[in-house]
Protein chains: 2
Amino acid sequence: MNIPLYIQVKQKITQELMSGNWRAGDLIPSEIELAQSYQVSQGTVRKAIDELSIEKILIRRQGKGTYVTTHNEEQIQLRFLRLTSSKGNKEKLESQLLSFEKTRVNSYVANRLNLRPGSSVYKIKRVLTFARKPLILDEIYISTIPFKGLNAEMINQKKGSLYRLYESNYGIQMLNADEKIKAVSAEAEVSKLLNIKKGHPILGIERVSYTYGNKPIEWRLGLCLTDEYHYQTELE
Amino acid sequence: MNIPLYIQVKQKITQELMSGNWRAGDLIPSEIELAQSYQVSQGTVRKAIDELSIEKILIRRQGKGTYVTTHNEEQIQLRFLRLTSSKGNKEKLESQLLSFEKTRVNSYVANRLNLRPGSSVYKIKRVLTFARKPLILDEIYISTIPFKGLNAEMINQKKGSLYRLYESNYGIQMLNADEKIKAVSAEAEVSKLLNIKKGHPILGIERVSYTYGNKPIEWRLGLCLTDEYHYQTELE
DNA sequence: GAGTGGTCTAGACCACGGC
DNA sequence: CCGTGGTCTAGACCACTCA
């Protein structure tokens, strides 16, 4: 095998995470302990953990130890939300569930999630509100298989953060996501829900989110009103 | 001083780049040479270069050496362009200059570029075309001071890549950028140039680009037709 | 074969957090 | 005070590039 040792260590650590031995928020063994158990030097473990913490899969805390990233901490909860107020306000986000149903997935979403067309999914519709103004209309699909028993009540309990729900109730962590953005016109139903005129320009954000091993878990389409907000990114 | 050694090495390397001693595309001294000249170990130089190459300021090439990132290489030229065809086509980009003028900057753009309101800037308008269809209408502002003597002919010569022009003719490298995205309606003038109906929804992408030391150099507003294309990002 | 970056080790010391 | 991650060193060997 010509795979570098630190890559192998990375894979071993990832296996512990995928298998559920180490769970979100857990403190993992120290670098020295890992070095002993994998029979490599501390520097090699360090390099593996370095990369995993760049990928935001692990978090180091000097003096304390290395932890598995979690969506349950306040600061990290809105990690995937790129919408910010153009005036710099920091308003509280609220979520209102519109509908929750079990249905069959269409072929487009099935492709994105590596599911068979027509297989069983949960479909979630909701409105996200900032400062009491409706801003985002979400339509979300997840396979019923890993989320067995999910219901509307559970979603309402977690008020807003689906990713916290996935993690705490099903042990599924969202690690990264792809987004595709278009400008579209608000249709009749959308314009009513977002309280705008029909035909008003809005952002259509299509997102696929992935867990360990780049396995796609969730597809969503977010329709966002960007009159007073904007989508923000950094390019390198 | 409590600044880690490798950060100090990073700063020294950055100074070489800012001062113009090492220019875009140059091969910089080897890790061993740098370690000797800075009186630190090779490992420390390595860590400094590691970070600079993550920031895409330097590029390592095994067996050859470490190079200063350049916009002149084909693959890296469209680094900041996030617009891709929804159908997966890879069409050639062409640029058509609409206007080039020297004018006074308004206060909004002045703030973004750390200029005094009313100071002298070049204003560039152009249309970017993919597969012979107009897709992006750009309006670009840069201070006249670092770009003394710039004219329309120089822009036409470089066909498309302004960043290549900045780098090769003025030694100014764009390292990173912030973008703010909104959905807007096409106004009369815009709709004519992009060959769409008035009021059609388009993306408004506002970008500020930075050089060494996070110094803002260029402000631009890109109006993008996203009927057959989309803006793509990855979230971590 | 010489020179470059890439991996790996062993060991020292520092800075931080918490008992 | 101890254990953690963070920095730094010195030296070995590997993998790649090019003359």
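Note that this is a predicted model, so its numbers are computed, not measured.
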Undergrad: Rounded to the nearest Å, what distance is computed from the CD1 atom of residue B:I3 to the P atom of nucleotide C:dC14?
TA: 18 Å
Undergrad: Which label fits A:Y166 and A:F147: parallel for a plane angle under 30°, tilted from 30 to 60°, or perpendicular past 60°?
TA: tilted
Undergrad: If you assign each of A:Q62 and B:I28 to its closest nucleotide in DNA chain C, which residue comes earlier from the 5' end?
TA: B:I28
Undergrad: Are A:R207 and A:W219 side-chain neighbours, meaning at least one heavy-atom pair lies under 4.5 Å?
TA: no
Undergrad: Determine: side-chain N/O of B:T66 to OP1/OP2 of C:dG5, distance under 4.0 Å, yes or no.
TA: yes
Undergrad: Could you tell me from which nucleotide to which nucleotide of DNA chain D, 5' to 3', there is an atom under 4.0 Å from chain B heavy atoms?
TA: D:dT7 to D:dC18
Undergrad: In terms of ring plane angle, is the pair A:Y229 and A:F130 parallel, tilted or perpendicular, where the classes change at 30° and 60°?
TA: tilted
Undergrad: Are B:E139 and B:R220 close enough for a salt bridge, meaning some N to O gap below 4.0 Å?
TA: no
Undergrad: Given C:dC16, is OP1 or OP2 found less than 4.0 Å from the side-chain N or O atoms of A:K64?
TA: no
Undergrad: Expressed as a whole number of angstroms, how long is the span from B:L27:CG to C:dG3:P?
TA: 14 Å
Undergrad: Scan side-chain atoms only and decide if B:E206 and B:Y108 contain a donor-acceptor pair under the 3.5 Å cut-off.
TA: yes
Undergrad: Rounding to a whole Å, what distance do you find between A:R61:CZ and C:dG18:P?
TA: 10 Å
Undergrad: Determine which pairs satisfy salt bridge (charged side-chain N to carboxylate O under 4.0 Å, His left out) with at least one residue from residues 27-43 of chain A, sequence neighbours left out, and list them in order.
TA: A:E31-A:R46, A:E31-A:R60
